[in-house]
Structure formats: structure tokens, C-alpha cells
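For reference, the structure discussed in these notes is given below.
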Amino acid sequence: MLTSRKLDDLATPAKIRALKFLAELRLAGIDFIVTCTRRDADAQNALYAKGRTREHLDAAGLTHVQPAPGPIVTNAKGGDSYHQYDCAFDGVPLRHGKPVWGTAGDGIDDDPADDATDDLELWQRVGAIAEACGLEWAGRWKGRLREMAHFQYTGGLTLANFRAGQRLQNGAVA
Ligand SMILES: [Zn+2]
């Protein structure tokens with residue numbers, strides 16, 4: 001099982017955008033930490049198991065994965081996450097040194113304490129900076145897929161493309 005928070009574990013086109021994003025955040029005076037870059041299939045399945053029961057996991061075809069306590073934090077199983085293909089990272093802004101998760105209303109890791117308006121405003125600023133740097137921000141996604149802390153650059157490739165063995169090319173910086 002492998003989980004990394006090193007930017008070097010991102011494919012180059014994603015890493016370049018992540019570095020620009022972090023530099024722009026610094027310029028904007030926003031403290032931010034990257035919590036995860038690459039996550040392999042086993043690590044993704046372990047994350048998927050959080051907050052799910054034996055029955056859920058069996059129904060998802062994950063008979064070999066053990067349920068884990070806590071809130072549900074992802075809807076992606078192993079193979080379904082861009083983290084596995086080196087083009088996604090998670091991170092969170094800090095206020096007074098404390099992470100501001102800001103996951104209001106998406107049903108994932110919901111904590112009413114995160115729903116303050118100024119927290120959501122902070123996330124909107126972070127998301128806008130990410131998008132200006134060429135990243136997709138999952139805080140913009142609709143419904144159950146929305147994940148404030150998830151950013152990615154896929155170069156137009158889909159999960160099906162990645163599963164079929166395609167990868168971001170190091171030279172392919174648009
Ligand atoms: Zn993520």
C-alpha cells in the first residue's frame with residue numbers, strides 16, 4: 001500500500017501546475033498543505049472502506065478489503081481515482097495553522113463546524129487560483145462527487161484511458 005504527499009510523485013504536467021498553484025497561494029497569503037499526491041489501488045481501497053460496512057464492500061466487489069471506522073471520505077475505489085495515475089493531489093488551506101476542510105453539503109466528511117461562510121469563501125479563493133493555474137478543482141463538481149480538497153490535471157484523459165494504460169506524457173504540457 002502506498003500513499004505519498006510528494007509533488008515528485010505527480011506526472012510532470014500535473015506537477016508543473018501544482019507548483020504554480022502553490023506559488024500563487026503564497027502570493028495570495030494563503031497557507032496551504034498538500035496532504036496526498038499518489039495513492040495506489042490498495043491505498044485507495046483502504047480509503048474507500050472508511051465508513052462502509054462489510055455488506056457495502058462486498059457489493060462493491062471488495063471482498064478482500066476490511067471495513068474501517070469513521071465518516072465516508074471518498075466514492076472512488078481502487079482504479080477509479082486519478083490519484084492512482086499521478087495526476088491528482090489533495091490539499092487544504094490553513095487558518096491560524098489549522099486545516100479548514102470546508103466540505104459543506106456534499107455528504108462526504110460532513111462536519112457542521114466546517115460550514116462557516118468564511119471557510120467557504122476561503123475555499124472559493126483557493127479553487128479559483130487552482131483553476132487559473134490550469135487545474136481542475138473538484139469543489140466545483142456537482143452532487144456526491146464534490147470534494148473541496150481534490151485537484152487534478154488529466155490532460156484530457158479519462159479514467160477509462162488510464163485503465164487502458166495511457167499516461168500523461170511528460171512533454172505534453174498544453
Ligand atoms: Zn483527491
Side-chain angles (χ1 to χ4, degrees), residues 1-22 24-25 30-52 56-57 60 62 65 68 70-94 98-111 114 119-120 122-163 166-168:
M1 192 167 338
L2 181 140
T3 304
S4 168
R5 58 177 60 183
K6 281 189 248 158
L7 291 182
D8 282 343
D9 285 328
L10 293 173
T12 303
K15 180 182 161 183
I16 287 169
R17 286 166 174 79
L19 287 170
K20 186 169 193 305
F21 170 56
L22 295 175
E24 293 294 329
L25 287 171
I30 298 173
D31 288 332
F32 186 93
I33 52 167
V34 173
T35 56
C36 181
T37 53
R38 179 190 295 161
R39 199 185 291 133
D40 71 10
D42 287 343
Q44 186 65 40
N45 281 330
L47 203 64
Y48 183 83
K50 275 192 189 161
R52 291 193 164 89
H56 280 133
L57 295 175
L62 298 175
V65 177
I72 286 177
V73 292
T74 183
N75 289 314
K77 297 182 283 182
D80 293 343
S81 166
Y82 287 104
H83 287 278
Q84 200 176 321
Y85 306 109
D86 303 344
C87 57
F89 62 95
D90 297 332
V92 63
L94 308 176
K98 288 180 62 179
V100 176
W101 288 107
T103 49
D106 56 5
I108 296 173
D109 189 23
D110 252 347
D111 179 348
D114 293 336
D119 289 357
L120 295 179
L122 176 59
W123 270 110
Q124 290 298 333
R125 288 176 66 204
V126 169
I129 290 170
E131 289 167 342
C133 294
L135 293 163
E136 262 182 87
W137 174 45
R140 194 76 73 195
W141 298 350
K142 302 290 181 219
R144 277 162 50 81
L145 286 173
R146 193 169 78 131
E147 279 183 61
M148 302 299 256
H150 179 96
F151 306 86
Q152 64 185 33
Y153 175 74
T154 67
L157 297 178
T158 64
L159 283 172
N161 295 146
F162 283 111
R163 285 194 207 99
Q166 285 185 260
R167 292 294 179 265
L168 281 183

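Numbering of ligands and ligand atoms starts at 1, following listing order.
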| message | Salt bridge check, D9 against K15: does any charged N sit closer than 4.0 Å to a carboxylate O? | response | no
| said: Could you check whether any side-chain heavy atom of D119 comes within less than 4.5 Å of a side-chain heavy atom of L122, counting everything from C-beta outward? | reply: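 No, every pair of side-chain atoms sits at 4.5 Å or beyond.
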| query | Can you name the residues that form a ring pair (Phe, Tyr, Trp, His ring centres under 6.0 Å) with F162, not counting sequence neighbours? | reply | Y82, Y85
| request: For T35, check side chain to side chain donor-acceptor pair (under 3.5 Å) against everything at least two apart and list the hits. | output: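 T35: no side chain to side chain donor-acceptor pair (under 3.5 Å) contacts found.
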| query | What pairs with Q166 under side chain to side chain donor-acceptor pair (under 3.5 Å), at least two apart in sequence or on another chain? | reply |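 Partners of Q166 by the side chain to side chain donor-acceptor pair (under 3.5 Å) criterion, ordered by chain and then number, come out as N161.
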| message | Please give me the protein atoms (N, O or S only) lying under 2.8 Å from the Zn ion (ligand 1), ordered by chain and number. | response | H83 NE2, D90 OD1, H150 ND1
| said: Between Q152 and C87 (side chain of the first, backbone of the second, donor and acceptor by atom type, cut-off under 3.5 Å), is there such a pair? | reply: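 Side chain of Q152 to backbone of C87: no pair is present.
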